[in-house]
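Residue numbers start from 1 in every chain, and the chains themselves are labelled A, B, ... in the order their sequence lines are given, proteins ahead of strands. The basis for the numbers below is simple: all heavy atoms, side chains too, and nothing from hydrogens, waters or symmetry mates. For clarity, every value in this text was computed on a predicted model and none was experimentally measured.
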Amino acid sequence: MKLKLNGFLVLLLALMTQITFAQERAVSGLVSDNAGLPLPGVSVLIKGTKVGTQTDFDGKYTIKVAPSQTLVFSYIGMKSQEVKASSNTVNVKLISGAIELEGTVVTSLGVKREKKSLGYATQELKGGDLKSGTSSGNFLNELSGKVAGVNITRNTNFGGSTSAVSRGIKAINQSNEMLIVIDGMPINNSNTSIDGTTSQTTGRQGFDYGNNGMDINPEDIESINVLKGAAASALYGYQAGNGVLMITTKKGKAKKGMGITVSSEVVTGTIDKSTFVNYQKQYGAGYGASFDSHNNVAFGDDASAGDVFNPSLNVFQWDAYAAYPGNNNYGKATPWVAAKNDPTTFFKNSLSLINSISFEDGNDKTNVVFNYTNTKQSGILPNSDLAKNNFSLKLNHQFTDKLSLSTFANFSNQNTIGRNMTGYGDNMVTGFRQWWQTNVDIKQLEEAYNASGEQNITWNRTSASDGTPAYWNNPYFERYKNYQNDSRNRFVGYANLTYKINDWLSATAKISTDTYSELREERVAAGSVGKTFGINGLNETSGYQRYNGNFSEQNYDFILNFKKNIGDNISINATAGGTAKRNVFDAITASTQGGLIVPGLYSLSNSVQGSPYPYERATKNGVNSYYASASIGYLDTYFVEATSRRDAFSNLPSGSNTLFSNSVSGSWVFSKNINLNWLSFGKLRGGYSESPLGTPGLALIDTYSKIDAFNGNQQYSVNSIKNNPFLQPIKTKTQEIGLEMQFLKKRIGFDLSLYKNVNDGEAVNVPYSTSTGNSARYVNAATIENKGIEVQFNATPYKSDDFSWDVTINWSKNKNMVTALAPGIDNLQISSFPGSVTLNAVVGQPFGVLKGTDYTYYTDGQRIVSRTTGRYVINTSTNNIIGNVNPDWIGGIRNKFNYKNLSFSFLIDMKKGGDVFSTDQWYGVGTGLTSETVGNNDLGNPIRNSAASGGGVIFPGVYADGTPNTTRTDYFRPAAGAITNSYSGGARKGYIYDAGFVKLREVSLSYTLPSTLVAKMKLTDMKVSLVGSNLWIIHKNLPDADPESGLSSNSGSLGLSIGSLPTTRNIGCNLTIKF
Amino acid sequence: MKNKLLILIPFLSLFTSCSDDITGLNADTKRPTYTEANYLFTNAEHAMVDQITSTSVNYNVFRLFSQQWTEVQYPQESQYDLTGRKIPDTHWTVLYRDVLRDYKESKDILLKQKQNFTGSASEAKVLNNKIAIIDILSAYTYSILVDTFGDIPYTEALDIINFPQPKYDDAQTIYKDLISKLKTASNTLDQNYGSFGDADLVYGGNASNWAKFANSLRLRLSINLDDVDHAYASAQVLSAISDGIFTSSSDNTYMNYSSTQPNANPLYVDLVASGRNDFVPANTFVNKLNTLSDPRRAKYFTEFTPGTYIGGVYGELNVYDNFSHITETVKAPEYPGVLLTYSEIQFLLAEAVERGIAVGGTAESHYNTAITSSMSDWGVSSSDITTYLSRTDVAYSTATGNWKRKIGEQAWIALYNRGFEAWTSYRRLDFPVLNVPTVTYGDITEVPKRYSYPGAEETLNSTNLSSAVSKLGSNSVVKHIFWDKF
């Protein structure tokens, strides 16, 4: 073998010598793109010289070149090609730039690197993969199940937030969300649903205003590179310890035809009935008795634990007392039956229209894309609409060989009306799920609302003679009169100037800005039931509240990039730079108080009592950073990389506000050493890295809280949180190893990562006994460890010219452990949910254990029942661990089939384990709403009948001595007014459910029209797709709700299911046309 | 070519300010780091009276525990479910964090002023008076905490830096310390000088009133202590009387609320502004008043039908419309919060006589004064009062039962709408006889004698809590606190 090779080299040398002396002659040809269209303006250069030309308008060129020389064809947005000029005609097809990215990935600061050189895990998603289901308006939703190790938690809120957490929850008070970066520019993705007067994320009434990252227009996304570990994102430092979603925006390509792309999508959603209450139809209104002595229904009782339905019994229902035109039941007793239309019929189909147009063009110096996208959505609740406009412009220009500019600007405007209220309180979906009368017909309420001239005619009358609502408004009145609205205008943009000092050194200066302003308005219409509202959280029967918030962040970067090969074997990639980050947030909330003077006028000046002091917030935050990194490669096989950064934080005490963090990683492409036929690629990687973690602002110096004056006497209070002037900077430390292998010409392969992450000493406002005079104090206290494994698996089981089948599997398992809290503190309560279940960080347990009352258990694990009462014996301590919100593992399987121009794919998304407390079931079972609260017992008698009369139940379990329970007890206890073993006499543990699921998340069928046909239509491209998302919940354990349907992306709301909207099955049609 | 690098100069200039000294950005521009002692005092006093006045099921369920009121559709609290809404946690937190901590802050500011004092002698007197009033109200607040829970954090409380996990002190020791503090404070008060002025929402800064309050409260605490330390209690009762206690209803401790929220009476908030109908008078209470044809019925409840009053069944589900309701008087936004009354002091004096303490007068005379004072406070005509007192089932000499029962039942009636005091009186005298509902949380079989400790203490202060619990035997609501011997 060696001999032969030597002979070959000699031959080659001889040939080359000959060719070198050959004569130059004219070579011409045509340069076209993949579709065969000519490309004008392509640079054609003789390799190793400065001699070159460009293709003309028809894509043709002519150049004088010797046959031994090589021509380099290059064009922005296309992969460069080198062709030997051995023949007189050289025709070239350039392939688009997306493929140029193959093998390279975009890392921190937007630096492109060869993937094989990286010592850490990254995973890339193409824009097309993102859009393989229906668009939801929040691109994070479309990541679900597609990236190993990234836990996407979405919810069903209209315009609501979605969480993206990589490799487990790491922080208690800081955000755990992955950092979103567009072309190297960090984007604010905060969730600002907590407006200071309500606590939406812990299940109190409020609105989910979404995560700000949803302003990103999916149409702008070329690809997303997911940097999961701290090593991957070491250069971003602060904020990046949670991993980074590196978004690369589309850049302009040479126009084909007119360079215009139009795409349009229509999606409609219908509710998945398995995610809403399955109402029982046998018993009606009441907490016990349904009627008074005059046969009036217990209007005020928001429960269905009343009398059994009986069609031959006529009673006076709410409509017998509601005077509105066309009410035939007015003054009449009507049969006592279950409603024909239960609240399921309150929901309508959702509709979403997304239209976008983009213009692009490019040549060797300049490329440009302009995109406009218009999104219109209407939700499943009446009067819920969202409209969004996105304008984006990306412009790259090469001023000289050395100086280039890259700019991106995006303006978005979002207007929303009628978000669904979340949580407990006046959320009417909580009403439907927990506090409802099964005899009330929802359509009749709609009729009453409309026929009465939009009056609040409710089923929940205070009494026969008093029609004011006891607890619940007419749901239509609630939706059409008590709606909120909000709008956000946002500008995101950067300008990036790069100067190539020489072949191996370039300097970049960059300014990026992210700024938005928001307005939120909430209303309570005159005639409503009193609700907690306004600045002071008073009980108001009418009112208006507004919130105005402004955020702006600027990042100033200066970066030097060094790239050089030393000899043939060593490559060096180095970066040094500095960043100054500044952000400012200010917001003001103001409200009326004591009601509105003029009903229907929503203005602060329309306040009966004069407006209370508005609630103001203003914070400024800055970080100054310097960093350097160097990566050295040897023989294209061994790579080592080290980074170091120093940050100065404004949120820490002067003098101790700086921190160094370092990382090192390496990789070995062993397939270069081991030459095996079946092994296409093999790489081993490993690294250690540190990443600074933020400290909350305004946490150093104590201040006082202002409380509204009492008869002119000012009132101030000591803040409930004690600040700490000695906070320290802290960091996240990560270790990671990985193995990447591809076999059989990359037909099959995997990428495996193992990691361990420690967040050591996060500054947390640690709760202390309030006998200390404070609720909490900021302390550098919490240490959380995450260990896990991630696997990406790819296979192409079948591949031919016409047909291919690709399978991608993502699977990850993360183990989380809180290893330390503050001295003497082994439990840190994160949230307290309605129903008194708490979410906690407990030393020795994963972050996010649920605590509450439990049953008592015999040694064999069976529940203990009292021999005398027949009811479970409850452990009433609220300190029992009854659940853990962390999933055991998450995974996704995608199958993709391509047959000629037809492509079909589907994604199955899975989460195993993780617990959720259902406040809905805790109360909804208790008030007798759900179908599980009816039926017959072992004796064949209705369980709701008294035990004494042969009804009731024998709860499964044992007596304290271990013998089986045989005591029959009431299933429904009239004296408690509720079903036993619910909120009446039950333990919270009984309402903890496994939140795991298997879902058919996405299905997509698309057809690209043949280019011949498209050309006849005078188009350049046309694609039609049928898409679907959330089509089928294949498996779940939580009854009557989607286990994913939380309150918010905030980790404080994990593990709670309350009052959520049902999930929709979405089906849509997508058309993309290129002119 | 290299001069093109000059383009980068504007960018570089951005970094000239890129030093470590950026901590100035982290300044709170919206909240003060300094405030006045008066402002903190007003807030603490307001929060304190709110807590003792409220009937929110999240804050105060003592009207239910004393069976003066009961609930309608959601009887969980009447059935002694304290954990569902974490009521002990809230009671504890409001009194420690929102009341005592602000008193302490106010006092700390005053002590600092005193240290660097430059004002006139009369200003010094005012300063001293302010500090004494804070001591009195702090003692009052701690007494509520002890009477609710038993042992509580005291010597190490309110100091998160040095005692993040404060130990629980012995309740009896705390009690005696409170009594001594009240004595010192009342002796310190110089009645010729003012104090907080209007910032004191109760007495408008009147030092004389506060001295009487301190001594009257000392009397109340001493009577509570009588069963466990009679000698000490008698001495303190006599000392309090000689230092000057309430002498008429005009001494009553009222805080007048404002006509509008957020400074309206919390009862108005829960009973009227909420639009909810959660409470009705309890049958236990109404039946007793019916038996006695008590003229205060018309003041306490609305008539169900003319001349009749019906109470909801205690601890059961009730239909709001089927019962008498709470009167408009009590539901008015301006209706005062009440801390201590002359009537209550007279009942305590009647008790003192029966307990063998030489307070002067007879048990009967104090008993009659107590009832008379209660009735006139509620606006009952003097002829009705006379008629009432002459009833054989009311008159001290002829009413049924021992002194505990006679005083206990009448005090319970007079302490209407003052759930905490009514419940405390019941615990001390074991009268009236209250009913245990058919459904109770955790199937307990007697009326609670204390609040269980806050659930949060289990996790935040577990070592100290468990020693307090083990001293008590368990954290059950039926355990008796130290002075409740019988």
Relative to chain B, which segment of [X] carries a heavy atom at a distance below 4.5 Å: side chain, backbone, both, or neither?
X: A:D702; result: backbone
X: A:T658; result: side chain
X: A:D301; result: both

| field | Any B:L201 side-chain heavy atom under 4.5 Å of A:F710 side chain | value |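 The answer is yes; the side chains approach within 4.5 Å.
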| By number, which residues in residues 82-90 of chain B have some heavy atom less than 4.5 Å away from chain A? | B:T83, B:G84, B:R85, B:K86
[X] (side chain) donor-acceptor with [Y] (main chain) under 3.5 angstrom:
X: A:N774; Y: B:I160; result: no
X: B:Q73; Y: A:G300; result: yes
X: A:Q715; Y: B:L40; result: no

| If you take all heavy atoms of B:L317 and A:Y287, which pair is closest and at what distance? |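 Shortest heavy-atom separation between B:L317 and A:Y287 comes out as CD1-O, 2.7 Å.
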| request: Go through the atoms of B:Q79 and report whether side chain, backbone, both or neither lie under 4.5 Å from a heavy atom of chain A. | output: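 For B:Q79, the side chain is the part near chain A, not the backbone.
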| field | Distance flag, aromatic centroids of B:Y74 and A:Y471, threshold under 6.0 Å | value |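 Here the rings of B:Y74 and A:Y471 have centres that are less than 6.0 Å from each other.
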| said: I need the residue from B:P153, B:S452, B:P437, B:P164 with the largest number of non-hydrogen atom pairs under 4.5 Å to chain A. | reply: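 Sorted descending by pairs with chain A, the first entry is B:P164.
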| message | Taking side-chain contact (heavy atoms from CB on, under 4.5 Å) as the definition, give me every residue that meets it alongside B:T93, ordered by chain and number, with sequence neighbours left out. | response | A:T770, B:R97
